[in-house]
Student: 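What follows is a structure written as structure tokens; I'll ask about it next.
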2 protein chains.
Amino acid sequence: MAYTVGQVARVAGVTVRTLHHYDEIGLLSPSGRTSAGYRRYDDADLQRLQLVLYYRELGFPLEEIAAIVADPAADPAAHLRRQHELLTVRIKRLQEMVTAIEFAMEASKLNIQLTPEERFEVFGDFTPEEHEAEAEQRWGDTDAYRESNRRASRYGKEDWLRIKAETEDWGRRIVAALASGAPADGPEAMDLAEEHRQSISRWFYECSYETHTGLADMYLADERFTAYYENLAPGLAAYLNEAIHANAISRA
Amino acid sequence: MAYTVGQVARVAGVTVRTLHHYDEIGLLSPSGRTSAGYRRYDDADLQRLQLVLYYRELGFPLEEIAAIVADPAADPAAHLRRQHELLTVRIKRLQEMVTAIEFAMEASKLNIQLTPEERFEVFGDFTPEEHEAEAEQRWGDTDAYRESNRRASRYGKEDWLRIKAETEDWGRRIVAALASGAPADGPEAMDLAEEHRQSISRWFYECSYETHTGLADMYLADERFTAYYENLAPGLAAYLNEAIHANAISRA
DNA sequence: GCTCCCGCCTGCCGCTACGTCAGGGTCAAG
DNA sequence: CTTGACCCTGACGTAGCGGCAGGCGGGAGC
């Protein structure tokens, strides 16, 4: 029912200093003190802290958070609704960044140049402005980061040449499939589509069937990718797109 | 081919001051200067800036970013791979937060109390540590925020009572359906499931079929939700779960 | 009752990543 | 040749804590 700063800090995943700071600026003052001057937080304080931390994670300055949580017109449910919406928006934004990365990856694989505008589309564009400093963070210590470092440094020039070679070899084979008249939704084309997907997963990033079809649509939507494939063989872009979709459906 | 600070700032969505700062600390110095001392950025500088901004958005401190982008062992593709992974991790985290919010919303709707640990699970838990300050941000100016504010303030005590009443009415009807022996995958139960979903969408947040089935599983996984429904009628928790799943499948 | 050690307290200084002037040159258009 | 938009270099200010110093409190064990 009543907690010390240390206990609150531990359960909430913040430092004691942070709680002191929130007390100093009046954002979250404990509901009471012991005779010795120790801060005592109760359950209501914890609820308020939870609110604060969510809004903080969403990038609001503390001053604004103070105003938000003090708003008498906002009951708990209203906060939850708002946070749900804000989170959804942020996720959408990050997914756009992921798409942009995948786009850039395909472009680099096929030696396609990007314009400056394209490079920064995801930054300049901001329907709602964002930059979301997303705080410093000990990313340097996370497993994902280390793993990513390890993987990255494992790929040398040699691997890169191999990727290019594989890509070209695969290109020749899908051109042959198209020329042979094999249907885009037949086993041959679908196997080539699957090989394409697995190649991405092996060398670049985990490419789900969903991601893969997204990529396939990009091949048709972006003229430079279309040009790349059409240059290999007329009709190849559409052929590959269809094969990827057929493959995704059949494996689902 | 060559750009001034202002041009770079505009296309990249940052301020001129930020570019000055990056120059000062040596994170991103323009490749040249004009005779008058104007900074001149070229395409390579833009590429580097793009890298920097992505890592910044991912929450790295600038000093660390300097080390990362200077790493000679990391080609462009390596950065893309790394950023893709980091983004994926972050999205996962935010989705956990969304789930936590949905959980809290259901709990508040049914008057279920949460323990402090549960409240902060998503914060304390950090498989990889995060807090991701996600930068201040002009959220206060975004449409989503205003919209969310508007919506929030529209819901008064009156609406809240109505939600409770609707929930109770719906509860009586699904209890009746269960009692009447109507199958969980029959039209009656499925319609009640659909009504449940639409009620959430109307009052709380956009609830997709996928989100809805997630919620349904939570009803079985968390004993307090199970208890709530079992209290209305024995077997109701499982019945509702099945109905929601059946409904989701049939509408897909 | 005494001692430890851990946890709490209040300053206070430091740091990052810029924002925000101030004071002054520059350049293309009219 | 002036005007306005854009550039420069300091320099100080701010937010959100981190971290340390110096000192009190409290309960577990002797």
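Each chain gets a letter, A, B and so on, in the order the sequences are listed, and its residues count up from 1. Reckoned from all heavy atoms, side chains included, excluding hydrogens, waters and symmetry mates. Keep in mind that what you see is a predicted model, and the values were worked out from it rather than measured.
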Student: Using a strict 4.0 Å threshold on nitrogen-to-oxygen distance, state whether A/Glu57 and B/Arg93 make a salt bridge.
Tutor: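 Yes, A/Glu57 and B/Arg93 are salt-bridged.
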Student: If you look only at pairs with a residue in residues 36-52 of chain A, which of them pass as a salt bridge (Lys or Arg N to Asp or Glu O under 4.0 Å), with sequence neighbours excluded?
Tutor: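 Those involving residues 36-52 of chain A are A/Asp23-A/Arg39.
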Student: Describe, in one word, how the ring planes of B/Phe225 and B/Tyr219 are oriented to each other, choosing from parallel (under 30°), tilted (30 to 60°) and perpendicular (over 60°).
Tutor: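 Tilted: the ring planes of B/Phe225 and B/Tyr219 meet at 30° to 60°.
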Student: Taking side chain as C-beta onward, heavy atoms only, is B/Arg81 less than 4.5 Å from A/Tyr205?
Tutor: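 Contact flag for B/Arg81/A/Tyr205 side chains = no.
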Student: Calculate the interatomic distance between A/Glu63 atom CD and D/dC17 atom P; express it in whole Å.
Tutor: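 So the two atoms are 14 Å apart, to the nearest Å.
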Student: Between atom CD1 in B/Ile65 and atom P in C/dT16, what is the gap in whole Å?
Tutor: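 To the nearest whole Å, that distance equals 13 Å.
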Student: Do A/Leu62 and A/Tyr22 make a side-chain contact, defined as non-hydrogen atoms from C-beta onward lying under 4.5 Å apart?
Tutor: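 Answer yes - side chains close enough.
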Student: Whole Å only: how far is the CZ atom of A/Arg17 from the P atom of D/dG16?
Tutor: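 For the pair A/Arg17 CZ and D/dG16 P, the rounded distance is 13 Å.
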Student: Under the salt bridge (Lys or Arg N to Asp or Glu O under 4.0 Å) definition, can you give me all pairs with a residue in residues 212-221 of chain A, not counting sequence neighbours?
Tutor: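 Counting only pairs at least two positions apart or across chains, no salt bridge (Lys or Arg N to Asp or Glu O under 4.0 Å) contact touches residues 212-221 of chain A.
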Student: Contact list please: residues 40-51 of chain B against DNA chain D, heavy atoms, distance less than 4.0 Å, in numerical order.
Tutor: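 Nothing qualifies; none.
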Student: Five pairs per end, C1' atoms only: what is the angle between the end axes of the helix from C/dG1-D/dC30 to C/dG30-D/dC1, to 10 degrees?
Tutor: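 It works out to 10° between the end axes.
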Student: Specify the separation, in whole Å, of atom CZ of B/Phe60 and atom P of C/dA17.
Tutor: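 So the two atoms are 13 Å apart, to the nearest Å.
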Student: Do the side-chain N or O atoms of B/Arg39 get closer than 4.0 angstrom to the phosphate oxygens (OP1, OP2) of D/dC8?
Tutor: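 Result: yes.
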Student: Atom CG of B/Leu19 to atom P of C/dG19: distance rounded to whole Å?
Tutor: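 Taking CG of B/Leu19 and P of C/dG19, I get 10 Å after rounding.
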Student: Using only heavy-atom distances, determine whether the side chains of A/Tyr54 and A/His79 contain a donor-acceptor pair under 3.5 Å.
Tutor: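 No donor-acceptor contact under 3.5 Å links the two side chains.
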Student: For residues 20-31 of chain A, which residues have at least one heavy atom under 4.0 Å from DNA chain D?
Tutor: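 Residues of residues 20-31 of chain A that come under 4.0 Å of DNA chain D are, in numerical order, A/His21, A/Tyr22.
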Student: Does A/Arg56 come within less than 4.0 Å of A/Glu64, counting only side-chain N to carboxylate O?
Tutor: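 Salt bridge between A/Arg56 and A/Glu64, a charged N being under 4.0 Å from a carboxylate O: no.
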Student: For the pair made of CZ in B/Arg56 and C1' in C/dC18, what is the distance, rounded to whole Å?
Tutor: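 Checked: the CZ to C1' distance equals 9 Å.
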Student: Please produce a list of atom pairs where a protein N or O lies less than 3.5 Å from an N or O of nucleotides 21-28 of chain D.
Tutor:
unit_1: D/dG25; atom_1: O4'; unit_2: A/Tyr38; atom_2: OH; d: 3.2

Student: Do A/Gln50 and B/Phe120 touch side chain to side chain, with heavy atoms closer than 4.5 Å?
Tutor: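 They are in contact (side-chain heavy atoms under 4.5 Å apart), so the answer is yes.
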Student: If we only count heavy atoms from C-beta on, is the A/Glu63 to A/Ile68 side-chain gap below 4.5 Å?
Tutor: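 With C-beta onward as the side chain, the pair stays apart.
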Student: Using atom CZ of B/Arg33 as one end and atom C1' of C/dT26 as the other, report the distance to the nearest whole Å.
Tutor: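 Going from CZ in B/Arg33 over to C1' in C/dT26 covers 14 Å.
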